[in-house]
2 protein chains.
Amino acid sequence: MSSTIPFHETLDLTLCGSMGRVHRLCRDAVTLAVEPLGLTQSRWTVMIHLFHLNQGCTQQELAHSLGIEMPSLTRTIKQLEQQQIIVREADAEDKRSKRLYFTEQGLNLLETLRVIIADVKQNLYADLTTNQLDTMAHGLVQMEKNARQCINHYSGDK
Amino acid sequence: MSSTIPFHETLDLTLCGSMGRVHRLCRDAVTLAVEPLGLTQSRWTVMIHLFHLNQGCTQQELAHSLGIEMPSLTRTIKQLEQQQIIVREADAEDKRSKRLYFTEQGLNLLETLRVIIADVKQNLYADLTTNQLDTMAHGLVQMEKNARQCINHYSGDK
DNA sequence: TCCAATTACTTAGCATGCTAACTATTATAT
DNA sequence: ATATAATAGTTAGCATGCTAAGTAATTGGA
């Protein structure tokens with residue numbers, strides 16, 4: 001399909017900018033769709049990841065799953081706790097850790113959320129073939145690896 | 001290549017999260033590499049886009065090229081102006097518009113910036129084939145289109 | 001011609017990512 | 001056994017995206 005000049009060559013680093021933009025737009029789309037539930041981007045994202053992990057995971061594990069740093073998560077967790085969607089319980093073994101659980105109410109909200117998201121997801125992925133999506137997913141993983149190496153290189157770490 | 005379960009299926013909406021993460025990491029990598037130049041992510045990004053457009057473009061045009069909103073750009077422009085990297089000149093025809101130009105100093109900085117970025121880019125795209133990058137670029141464009149439609153749909157516009 | 005709508009830009013303030021620095025707990029090494 | 005390291009979480013404050021609302025200039029219709 002590339003007998004012509006490869007499309008990405010015209011983009012300089014714009015591939016990267018493109019990802020940021022698409023990311024924002026996808027999250028905006030979902031956030032709009034779930035607006036009636038009173039959830040922001042970071043809040044529904046945390047809920048989905050907590051669903052995919054086991055309930056009872058630590059904040060550390062959740063932050064890792066999300067690919068964000070702890071302080072970013074702390075803020076969102078606090079909001080979800082205030083909305084009584086999740087609860088934090090200190091781990092008996094290791095008193096530093098806190099384990100996260102959905103409340104009854106939170107589980108109900110989660111169900112609704114998942115239904116809506118499944119729908120939005122179909123729209124977002126429309127006209128993209130399975131192979132295309134697969135290539136993108138793999139490419140992103142590779143780029144993530146590259147970027148981390150790059151960062152290590154430039155920050156002069158061991 | 002997908003006789004097994006397609007990789008992206010395991011990701012739920014994580015493809016979207018992945019993009020956000022890779023976007024942040026790529027920008028971090030470049031920002032680290034250009035650290036000696038005293039530029040933040042938003043500032044070097046604006047410089048690169050201004051380079052690709054014609055100098056003398058309006059803020060409107062630049063914001064569109066960047067895919068960000070005007071207020072986000074205004075802040076960055078102001079910083080670049082304070083660093084004497086670019087200047088804003090009121091358009092003679094339409095006094096509402098301001099046209100953007102690199103200063104002498106800004107042009108020199110731009111050259112250095114471009115050299116460094118070309119290098120980082122190579123590292124970021126390492127081990128990705130041209131076809132892969134192409135597929136990703138096209139996929140992103142399609143997803144951006146989908147997301148915008150989605151947003152229009154859910155915001156109940158005309 | 002002149003008032004209303006539109007456009008380019010700005011300002012103010014929010015959302016969500018980050019790093020740096022703090023506390024409390026646990027693990028390690030002498 | 002105890003002092004030092006590391007780890008989980010928090011707090012404070014920055015960077016950069018956004019929307020809403022304001023100003024000044026332009027356009028367009030009565």
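- A:E61 and A:N54 are not linked by any side-chain donor-acceptor pair at a separation below 3.5 angstrom, with hydrogens and angles left out of the test.
- The CZ atom of B:R43 sits 14 Å away from the P atom of D:dC14 (whole-angstrom rounding).
- Glycosidic torsion of D:dA5 falls within 90° of 0, placing the base in syn.
- Within residues 67-89 of chain A, the residues having any heavy atom closer than 4.0 Å to DNA chain C are, in order of number, A:G67, A:I68, A:E69, A:P71, A:S72, A:R75.
- Considering B:L73, B:T76, B:T45, B:L62 in turn, B:L73 is the only one that fulfils the side-chain contact (heavy atoms from CB on, under 4.5 Å) rule with B:I68.
- Looking at which nucleotide of DNA chain D each of A:R24 and A:E61 is closest to, the 5′-most match is held by A:E61.
- Counting non-hydrogen atoms under 4.0 angstrom, A:E93 reaches the backbone sugars and phosphates but no base.
- Nearest nucleotide to the side chain of A:S97, out of D:dA25, D:dA8, C:dT16: D:dA8.
- The pair A:E89-A:K98 fails the salt-bridge criterion, with no side-chain N (NZ, NE, NH1 or NH2) lying under 4.0 Å from an Asp/Glu carboxylate O.
- A donor-acceptor contact under 3.5 Å is not formed by the side chain of B:R96 with the base of D:dT26.
- In this structure, a donor-acceptor pair under 3.5 Å is absent between the side chains of A:Q55 and A:R99.
- Note: NE2 (B:H64) to C1' (C:dC9) measures 17 Å, nearest angstrom.
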Determine, step by step, whether B:R43 and B:Q83 satisfy the side chain to side chain donor-acceptor pair (under 3.5 Å) criterion, reporting the C-alpha distance in whole Å, the side-chain angles of both residues, the deciding distance to 0.1 Å, and the verdict. CA-CA 10 Å; B:R43 296 209 282 269; B:Q83 286 188 279; 2.8 Å; yes
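- Between D:dT7 and A:Q60, no contact under 4.0 Å exists linking OP1 or OP2 to a side-chain N or O.
- Here the side chain of B:Q59 is nearest to one of C:dC9, D:dG17, D:dA25, namely C:dC9.
- In this entry the distance linking NZ of B:K95 with P of D:dT27 reads 11 Å, nearest Å.
- In this structure, B:D91 atom CG and D:dA24 atom P are separated by 19 Å, rounded to whole Å.
- Between the CG atom of A:L100 and the C1' atom of D:dG9 there is a distance of 11 Å, rounded to whole Å.
- Taking atom CZ on A:R27 and atom P on C:dT16, their separation rounds to 7 Å, with Å as the unit.
- A salt bridge does not link A:E81 with A:K78: none of the charged nitrogens is closer than 4.0 Å to a carboxylate oxygen.
- DNA chain C is contacted by both A:A92 and A:T40; A:T40 maps to the nucleotide lying nearer its 5′ end (nearest heavy atom per residue).
- For B:Q105, the CD atom sits in a packed shell: over 12 heavy atoms of surrounding residues, nucleotides or ligands are nearer than 6.0 Å.
- Base pairing analysis places D:dA12 opposite C:dT19; the two distances defining the Watson-Crick or G-U wobble pair are each below 3.5 Å.
- Straight-line distance from the CG atom of B:D28 to the C1' atom of C:dG17: 10 Å, rounded to whole Å.
- Within the 4.0 Å cut-off from OP1 or OP2 of D:dT10, at least one side-chain nitrogen or oxygen of A:K98 is found.
- Across the protein-nucleic acid pair, A:W44 atom CH2 and C:dA15 atom P stand 16 Å apart, rounded to whole Å.
- Of all nucleotides present, none satisfies the Watson-Crick or G-U wobble test against C:dT26 with each distance under 3.5 Å.
- Across all strands shown, A:R99 has no heavy atoms under 4.0 Å from either base or sugar-phosphate atoms.
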Criterion side chain to side chain donor-acceptor pair (under 3.5 Å) on A:Q142 and A:N146, from CA distance to verdict: CA-CA 6 Å; A:Q142 181 66 49; A:N146 291 348; 3.0 Å; yes
